[in-house]
Amino acid sequence: MIVDSLFQILFLIIIIAIIYTGVNSIKKGRLLQKLNLKLVLGIYGALLLVAVGVFYLLPIEESLNNVVENQKELAQAERAGYLLMNAASEGKQIEKENIDGVLIKKQWDFPYEGKQLDITQVGQQYSSPFILVERKEGDDGQIEVIHYYTRTIIENIEFTDERGPFTIQLEKDQLMISNPNMIDINVGQFAKEFTISQFTSQNGMDLFSDVNQIDGTNVLYIRVPKNVEVEGEVQFVTE
């Protein structure tokens with residue numbers, strides 16, 4: 001940072017010298033003769049130097065989100081989401097798939113002695129999970145729920161930890177699934193103006209394009225006792 005500051009100060013001094021030299025060449029003009037050019041340039045240069053110093057004294061707020069720029073890492077996160085959804089839709093046991101990049105956000109255990117279970121999603125479903133149900137080999141009187149998920153990266157910014165787990169509640173013979181609390185996300189981005197970008201390989205701003213957005217995949221894996229009949233929009237484990 002010190003090197004950058006010295007470079008900027010040197011650059012400003014060079015600019016001032018160029019301006020001063022140019023003004024001297026046209027100093028014979030009537031209007032410029034009335035101005036104290038040395039004083040004006042001195043004040044201008046001093047303001048620029050002070051501005052540089054003040055800039056580096058300003059407190060910098062650390063970003064709450066990690067920036068992900070490695071293309072290989074982004075590709076792996078996107079692939080993990082695809083493989084997780086593909087395994088769930090094919091009725092596979094997620095744990096046995098050992099998919100790199102698939103994580104567990106939360107686990108629940110509910111004692112249950114009923115013979116029928118209705119799985120429902122309640123409230124406004126803006127991010128519905130895929131629900132996969134496995135029948136156990138015996139009746140242990142327990143319902144187990146595992147929340148599998150993959151990373152969420154928007155505009156190269158990691159938002160995975162910002163998304164909380166689903167809310168799971170068991171009331172009598174009904175397992176109710178609710179979305180996490182909604183969060184507000186404000187994303188800012190700087191882009192070069194067209195007058196500059198037209199001469200470079202960098203394109204203008206393309207905020208929230210499909211290329212720059214990796215939506216995390218969420219799967220609720222529910223294990224129920226052998227003799228429990230399950231109703232709801234679910235996929236059963238077949239493999």
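Everything quoted here is computed from the prediction, not taken from an experiment. Note that the numbering runs from 1 along the sequence shown for the chain.
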Query raised in the report: Considering residues, nucleotides and ligands other than R79, do more than 12 of their heavy atoms fall under 6.0 Å from its CZ?
Result: no
Report task. Would you kindly confirm whether L84 and L220 end up in one hydrophobic cluster when ILVMFWY residues are joined by side chain heavy atoms under 4.5 Å apart? Result -> no
Query raised in the report: More than 12 heavy atoms of other residues, nucleotides or ligands under 6.0 Å from CG of D161: is that the case?
Result: no
Query raised in the report: Can you list the steps and then say if L117 with L170 is a side chain to side chain contact (heavy atoms under 4.5 Å, CB included)?
Result: CA-CA 10 Å; L117 181 67; L170 178 63; 3.9 Å; yes
Report task. Decide side-chain hydrogen bond (donor to acceptor under 3.5 Å, both in side chains) for D109 and Q107; before the verdict, give the C-alpha distance in whole Å, the side-chain angles of both, and the deciding distance to 0.1 Å. Result -> CA-CA 7 Å; D109 291 298; Q107 300 184 60; over 6 Å; no
Query raised in the report: Should V228 and Y112 count as side-chain neighbours, where that means a heavy-atom distance under 4.5 Å?
Result: yes
Report task. Nearest 0.5 Å please: distance from the OG1 atom of T120 over to the CD atom of Q174. Result -> 4.0 Å
Report task. Would you indicate whether Y82, at its atom OH, is surrounded by more than 12 heavy atoms from other residues, nucleotides or ligands within a distance under 6.0 Å? Result -> no
Query raised in the report: Are any of the side-chain nitrogens in E73 or R151 under 4.0 Å away from the carboxylate oxygens of its partner?
Result: yes
Report task. Determine, stepwise, if the pair E134 / Y221 fulfils side-chain hydrogen bond (donor to acceptor under 3.5 Å, both in side chains). Result -> CA-CA 8 Å; E134 176 189 356; Y221 193 95; 2.5 Å; yes
**Report entry** side chain to side chain contact (heavy atoms under 4.5 Å, CB included) evaluation trace for E144 with W108
**Finding:** CA-CA 6 Å; E144 303 169 14; W108 298 261; over 6 Å; no
Query raised in the report: Quick one: are P129 and Q121 in side-chain contact, heavy atoms under 4.5 Å?
Result: yes
**Report entry** Residues, nucleotides or ligands: over 12 heavy atoms within 6.0 Å of D100 CG
**Finding:** no
Query raised in the report: Do the side chain of T160 and the main chain of T152 share a donor and acceptor less than 3.5 angstrom apart?
Result: yes
**Report entry** Chi angles and distances behind the side-chain hydrogen bond (donor to acceptor under 3.5 Å, both in side chains) call for Q116, E231
**Finding:** CA-CA 8 Å; Q116 182 172 331; E231 294 184 0; 3.2 Å; yes
**Report entry** Q142, CD: over 12 other non-hydrogen atoms inside 6.0 angstrom
**Finding:** yes
Query raised in the report: Going through the checks in order, is the side chain to side chain contact (heavy atoms under 4.5 Å, CB included) test met by I222 and L132?
Result: CA-CA 6 Å; I222 303 175; L132 186 61; over 6 Å; no
Query raised in the report: About how many Å separate CD1 of I168 and CG of L175, when rounded to the nearest 0.5 Å?
Result: 6.0 Å
**Report entry** Point-to-point distance, once rounded to the nearest 0.5 Å, from CD1 of I177 to NE2 of H147
**Finding:** 10.0 Å
Query raised in the report: Taking side chain as C-beta onward, heavy atoms only, is N218 less than 4.5 Å from F166?
Result: yes
